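To keep things clear, I will list the structure first and then write my remarks on it.
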Amino acid sequence: MPELPEVETTRRGIAPLIEGKAVSAVIVRQPRLRWDIPSLDHLPGESVRTVSRRAKYLLIGFDSGTLIIHLGMSGSLRFLPADSPPDRHDHFELQFGRHALRLRDPRRFGAVLWSAEPPTEHKLIRALGPEPLSQDFHADYLYQQARRRRLPIKQLLMNNGVVVGVGNIYATESLFQAGIHPARACNRISRARLESLVENIKEILARAIQQGGTTLRDFQHEDGKPGYFQQQLHVYGRVGEPCSTCGTTIKAKQIGQRTSAWCPQCQR
DNA sequence: CTAATTCCCTGGAAGC
DNA sequence: TGCTTCCAGGGAATTA
């Protein structure tokens, strides 16, 4: 599923293709995504001004407002000839003359929304925590967030009000790298260990984005290969296999309705 | 306020 | 081979 690195890779891929281009048509084949796709009848004739990202939301800025796209769990965007035949899961597209930016989303957990106000004021975006790769996400900040709560550290990381863009894969992997048990109460972790956790999150995400960038040149021809396929996963999806560090069998259990994997030897 | 639970949806894997 | 069942997963909405 698209994690933050994949969304950022998508942003970098589509930005140079659509910035400055005028929308010629909007096509909605299946409006029922997570929420119904709103009417975008006013868009044709308007030009794309910016292509940015906040958390896992892609923000396509126009003079009259912002198109907000979330890829959910199975969404992908491609830029291709407008006359290429759509797949049955190709629900939405913006056409730019002979090309189209097309959204495919088999599981329809994604979203296409419109915000007439600045996107920072939008209901879904206003209350989000800092970007993990920004300077606002640092050890002191995470320590302050952690000390007044007691839930498992993994759930704290996956709370978008605390930090955005850290999904199950990256939470699982960064906790392994930092040697922290995913179920450990977040207020019972030292500042020093949280500092290590912050560093690991940044490092792992940055590397995934960098690797996503290497597939960018193929962007127009196929879905960007998710960065985590190239990145070595140490615990995620490796339940029952030996730990790459110590050989202990990787365990898993549900933490906050999500499967969490960890090495019982390396993570405390 | 924090925390826990429910719900949306379908492809793919596993079981029969 | 074909059918059925189960599971994953982001994150908003709802409930406690």
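A quick note: this is a predicted structure, and the numbers were derived from the prediction, not measured. So you know, we letter chains A, B, ... as the sequences are listed, proteins then strands, and number each from 1.
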With sequence neighbours left out, what residues match [X] under side chain to side chain contact (heavy atoms under 4.5 Å, CB included)?
{"X": "A:Gln145", "result": "A:Tyr141, A:Arg148, A:Arg149, A:Val162"}
{"X": "A:Lys21", "result": "A:Phe96"}
{"X": "A:Gln30", "result": "A:Arg32, A:His91, A:Arg108"}
{"X": "A:Thr245", "result": "A:Phe176, A:Cys243, A:Cys266"}

Can you see if the side chain of [X] gets near the phosphate of [N] - specifically, an N or O under 4.0 Å from OP1 or OP2?
{"X": "A:His89", "N": "B:dT10", "result": "no"}
{"X": "A:Thr259", "N": "C:dA8", "result": "yes"}
{"X": "A:Arg32", "N": "B:dC8", "result": "no"}

Practice task
Measure the spacing between CG of A:Leu4 and CD1 of A:Ile201 and express it to the nearest 0.5 Å.
Solution key: 11.5 Å

Fill in the blank from the handout: Angle separating the five-pair end axes of the helix from B:dT2-C:dA16 to B:dC16-C:dG2, nearest 10°, is 40°

Handout entry: Pairing residues for A:Glu19 by the side chain to side chain donor-acceptor pair (under 3.5 Å) criterion, not counting sequence neighbours
Key = none

Handout entry: Which residues share a side chain to side chain donor-acceptor pair (under 3.5 Å) with A:Ser39, sequence neighbours left out
Key = A:Asp41

Short heteroatom pairs, N/O only, protein and nucleotides 12-16 of chain C, under 3.5 Å:
unit_1: C:dA12; atom_1: OP1; unit_2: A:Tyr57; atom_2: OH; d: 2.6
unit_1: C:dA12; atom_1: O4'; unit_2: A:Arg34; atom_2: NH2; d: 3.0
unit_1: C:dA13; atom_1: OP1; unit_2: A:Lys123; atom_2: NZ; d: 3.4

Handout entry: Qualifying salt bridge (charged side-chain N to carboxylate O under 4.0 Å, His left out) pairs, either residue in residues 176-191 of chain A, two or more places apart
Key = A:Asp140-A:Arg191, A:Arg191-A:Glu195

Exercise for the section: Among residues two or more places apart or on two chains, list those pairs meeting salt bridge (charged side-chain N to carboxylate O under 4.0 Å, His left out) that have a residue in residues 112-130 of chain A. Expected result: none

Completion exercise
Those residues at least two apart in sequence (or on a different chain) that pass salt bridge (charged side-chain N to carboxylate O under 4.0 Å, His left out) with A:Arg193 are none

Are any protein N/O atoms closer than 3.5 Å to N/O atoms in nucleotides 2-6 of chain B? If there are, list each pair with its distance.
unit_1: B:dT2; atom_1: OP1; unit_2: A:Arg148; atom_2: NH1; d: 2.6
unit_1: B:dA3; atom_1: OP1; unit_2: A:Arg150; atom_2: N; d: 3.1

